[in-house]
Amino acid sequence: MLKSDLAKVTCKVNGKEYSGLVEPRTLLVHFIRDELNLTGTHIGCDTGHCGACTIYMNGKTVKSCMVLAVQANGAELMTVEGLAEGDKLHPLQEAFWENHGLQCGYCTPGMLMSSLFLLERNPNPSEGEIRRAIEGNLCRCTGYVNIVKSVKAAAKKMNENSRTQKRTSK
Amino acid sequence: MYPKKFDYFLPGSLNEAIKLLHEREDSKVLAGGQSLLALMKLRLAAPAALVDITQVKDELSYIKKEKTHLAVGALTPHDHLEHNKVVGSLFPILVDAASKIGDQQIRNRGTVGGSCCHADPAADLPTAFLALDPKFVVRGTRGQRSIPSSDFFVDTFSTAVKKDEILTEIRIPYLPKRSGSAYIKHSRREGDFAIVGVGVALTVGPKNVCKDIRISLGAVAPTPIRAKSAEKHLKGKKLNEETIVASAEEANLEADPPSDMHGSREYRLEMIKVFTKRAVKLALSRV
């Protein structure tokens with residue numbers, strides 16, 4: 001139990017443990033950006049509509065402006081910074097790059113998270129399924145056409161990668 | 001955008017949570033937070049204390065088949081309801097409704113009980129539930145009680161759940177054989193609240209004669225309501241184009257819709273007819 005004064009939050013973000021002190025009213029997105037300095041997660045609207053702050057929390061996508069930082073105590077989080085391995089981009093990031101899946105890039109971190117959540121559950125999504133998966137992420141530049149194209153291309157890449165992995169492990 | 005300051009409590013058990021709600025002035029339950037936190041950020045709500053019940057999640061997140069009913073734990077996320085096979089085969093109406101709530105992120109975090117207790121008249125699940133006539137089980141300092149769905153929704157954002165009570169389970173009675181159910185929603189954009197939402201659960205006998213039907217409407221009154229005139233019109237009659245259209249004409253008799261930026265009162269009154277017709281047909285196709 002804690003009063004309105006500061007509370008300690010310890011959580012794992014992209015595999016690394018972080019802790020910090022927050023007011024109970026601090027939103028998770030502010031904790032991630034301002035305390036942990038992980039500024040890849042964006043704030044677009046602050047009212048839970050735009051999805052730019054989408055991250056993974058315990059294996060599921062959430063809007064980090066719609067979660068209190070104290071609620072992330074003990075949680076495992078993944079932000080957009082957790083996608084690439086060193087200099088090697090995640091296939092989704094590569095696909096967004098190659099297919100011009102972004103213009104200004106503001107919505108991209110959230111788009112990547114929502115797309116990854118879709119592809120984890122459904123490795124071969126239809127266009128309709130892709131559009132439904134990103135309905136909680138607003139883009140104001142490209143009009144979604146290239147984003148959908150990117151997710152399709154990423155699905156193909158990821159399926160090919162897992163096939164090669166299977167072959168080499170045989 | 002920050003919420004106003006509040007005290008935060010994270011009880012380890014349901015009883016502890018109930019005790020806190022009882023003791024603390026102006027306290028509110030925080031479940032998935034997908035409505036409450038938004039209201040708090042806009043300063044439309046400013047409770048002095050939040051009692052976060054996510055620690056009791058394992059206790060209250062389940063979908064279980066019981067003898068007479070399907071039991072849905074209050075902290076079951078919308079996403080689980082949408083993808084649960086038992087729910088899909090017994091109550092497709094709930095899959096319809098859960099899949100139309102907000103977006104994937106909201107469905108991951110938002111809970112079935114939270115949506116019902118928030119009681120937004122335009123929300124999808126309350127309307128869908130009303131067509132299934134479930135019992136809402138709440139626990140409080142004076143023990144457990146069960147609230148019939150007809151008494152649960154009291155007014156806009158207001159339910160029969162008392163301040164020191166927590167909704168724990170929704171008990172949905174099984175539908176008889178030869179039943180079908182559906183929920184359809186009219187909204188301008190994906191993820192928006194309904195302009196009109198219609199839920200239908202019906203049971204037919206030989207030759208598609210309607211043995212029982214419940215029609216529920218959302219976004220057209222301070223709470224979700226039943227369209228009793230249209231139900232009465234169809235009971236005992238053969239369900240066909242003619243009777244369905246005729247009953248839909250009466251579907252708006254109990255409605256008292258508001259006019260707002262999403263649609264005028266007159267528009268909503270017309271749309272109730274259109275969407276009732278479609279929902280009854282869809283439910284019938286699933287018998």
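We name chains A, B, ... by the order of the sequence lines, and we start the count at 1 in each one.
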- Message: Main chain of A/C65, side chain of B/K41: is a donor-acceptor contact present, judged purely on distance under 3.5 Å?
- Response: yes
- Task: Give a yes or no on whether the backbone of A/T61 and the side-chain of B/N108 come within a donor-acceptor separation of less than 3.5 Å.
- Result: yes
- Assess whether atom NZ of B/K57 is packed by more than 12 heavy atoms of other residues, nucleotides or ligands within 6.0 Å. no
- Give a yes or no on this: more than 12 heavy atoms of other residues, nucleotides or ligands lie within 6.0 Å of atom NE2 of B/H22. no
Search all heavy atoms of [X] against all heavy atoms of [Y] and return the closest pair with its distance.
{"X": "A/K60", "Y": "B/P77", "answer": "NZ-CG, 4.5 Å"}
{"X": "A/F117", "Y": "B/Q104", "answer": "CE2-NE2, 3.5 Å"}
{"X": "B/Q105", "Y": "A/G51", "answer": "NE2-CA, 4.3 Å"}

- Query: By a 4.5 Å heavy-atom criterion (distance strictly below it), what part of A/I43 contacts chain B: side chain, backbone, both, or neither?
  - Reply: neither
- Query: Tell me, side chain or backbone of A/M113 under 4.5 Å from chain B's heavy atoms, or both, or neither?
  - Reply: neither
- Query: In terms of heavy-atom proximity below 4.5 Å to chain A, should B/L50 be classed as side chain, backbone, both, or neither?
  - Reply: side chain
- Message: Under 4.5 Å from any heavy atom of chain A, what part of B/R107 do you find: side chain, backbone, both or neither?
- Response: side chain
- Message: Between B/E82 and A/R121, does any NZ, NE, NH1 or NH2 come within less than 4.0 Å of an OD or OE carboxylate oxygen?
- Response: no
- Message: Less than 4.5 Å apart, side chain to side chain, heavy atoms only: is that true for A/Q71 and B/Y8?
- Response: yes
- Item | Close side-chain approach of A/R25 to B/M40, heavy-atom, < 4.5 Å | no
- Task: For A/L68 and B/L30, run side chain to side chain contact (heavy atoms under 4.5 Å, CB included): C-alpha distance rounded to whole Å, both residues' side-chain angles, the deciding distance at 0.1 Å, then the answer.
- Result: CA-CA 10 Å; A/L68 299 172; B/L30 177 65; 3.9 Å; yes
